[in-house]
Amino acid sequence: MGHGRGSLRVRSVTAVTVAAVRTRLHVLVAAAVLLAGCSDDGSSSSSSTTPPSSAAGTSAEPEAAQAEASREATADPAAATDARSAAVAVALRAADLPSGWSVQANPVPDGDLSDNPSLAGICGFPFTSEAHRVAKYPVVGLDPAGTAQISSESIAYDGPEVATTAVQELVQAFSGCPAEQYTFVPGPGAEGLAENSVVFQYELAGGATQVVMAQARGAVLSVLIGEDPATTTATGRAIAGRLAALPAAAIGL
């Protein structure tokens, strides 16, 4: 989720209030996190039928994208053997979305993450966790009209402590962003998400609302950015179910 090729783009943030919900971080902030592909003037590109991650450069040939989506849709989380296969099983799939919606997988070319950030670039924060990623699986959720409504990444790290660090760094990054164009408001509750999770909801200058959900278990992190709070929340809870089904040994627990 950064300013770079293949990332989920972030703009600006104001103040952050962090309240613990059991072991969760439940965050109400003022920030600007945009679906990748949004314009620099703060307007959303969700009216376009071009999925954000495709515009950002992670899209592969259609056949490869279709094959990746099929692999992710059928991956059994209980059968995961390591962080990579666990992240595949946790990646966004059509079954997570409302009826009639679809997904477009955007495989990272050759799996090379060296120039393909996930969180790096958020308000200039130095995400140390980025260097410990071993794989990521970007997927865009499309409504029945083919419009990109949810952008996501399922990220595998080289250890469970790094995924926890990534969540903590995400909160730190938002807390240090300057106030500019966006206002954060109380977001959806974190009920039903992984224990280690953060939730952000904000209003864009034009009045649109977006929600960010990040949740980690073991060495796997799921990040969602959506425009409809109810849909994004339901999607996050569906993914949380697969996170919970991952074998502890596969994700370093």
Side-chain angles (χ1 to χ4, degrees), residues 1 8 16-29 31 33 72 75-93 95-96 118-119 122 125 127-130 132-137 139 150-175 184 186-202 211-226 229-253:
M1 188 165 28
L8 303 174
V16 175
T17 299
V18 181
V21 180
R22 291 176 19 211
T23 57
R24 292 188 180 107
L25 295 174
H26 188 172
V27 187
L28 302 178
V29 297
V33 182
E72 294 164 354
D76 180 0
T81 57
D82 56 21
R84 291 174 185 267
S85 58
V88 170
V90 168
L92 179 66
R93 56 182 68 178
D96 299 329
S118 294
L119 304 179
I122 299 176
F125 188 85
F127 280 84
T128 62
S129 56
E130 289 285 278
H132 295 272
R133 296 172 302 150
V134 297
K136 75 171 187 174
Y137 302 95
V139 182
I150 293 181
S151 185
S152 74
E153 282 193 13
S154 181
I155 306 168
Y157 295 93
D158 59 16
E161 69 283 351
V162 186
T164 296
T165 296
V167 175
Q168 295 170 345
E169 290 181 333
L170 185 61
V171 175
Q172 292 170 24
F174 284 140
S175 69
F184 264 66
E191 294 76 13
L193 300 182
E195 289 296 315
N196 186 12
S197 61
V198 290
V199 180
F200 309 85
Q201 180 170 328
Y202 53 88
V211 176
V212 178
M213 289 186 171
Q215 52 185 330
R217 179 169 179 258
V220 176
L221 173 68
S222 167
V223 182
L224 297 177
I225 304 177
T231 299
T232 307
T233 300
T235 300
R237 288 171 179 162
I239 290 174
R242 294 200 298 282
L243 276 168
L246 295 172
I251 52 177
L253 297 178

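Values in this document were obtained by computation on a predicted structure and should not be read as measured data.
Taking A216 as the reference, A163, V167, N196, L221 meet the side chain to side chain contact (heavy atoms under 4.5 Å, CB included) condition, with sequence neighbours excluded. A search for salt bridge (Lys or Arg N to Asp or Glu O under 4.0 Å) contacts involving R93 returns nothing, not counting sequence neighbours. Applying the side chain to side chain donor-acceptor pair (under 3.5 Å) rule to E169 yields the partners T128, S129; only residues at least two apart in sequence or on another chain are considered. Remark: R84 engages D82, V134, A135, Y137 in a side chain to side chain contact (heavy atoms under 4.5 Å, CB included) (not counting sequence neighbours). The salt bridge (Lys or Arg N to Asp or Glu O under 4.0 Å) check on R217 picks up nothing, with sequence neighbours excluded.
The shortest distance between side-chain heavy atoms of Q201 and T232 does not fall below 4.5 Å. Residues S154 and L92 fail the side-chain proximity criterion, which asks for heavy atoms closer than 4.5 Å. Here the side chains of T165 and Y157 are not in contact, with every heavy-atom distance at 4.5 Å or above. For the pair V211 and P188, the minimum side-chain heavy-atom distance is below 4.5 Å. The closest side-chain heavy-atom distance from S197 to M213 is not below 4.5 Å.
For the residue pair R237 and G189, the shortest heavy atom distance occurs at NH2-O, 4.0 Å.
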Please list, one pair per line, the donor and acceptor atoms closer than 3.5 Å that link side chains of residues 246-253 to other protein atoms, with sequence neighbours excluded.
none

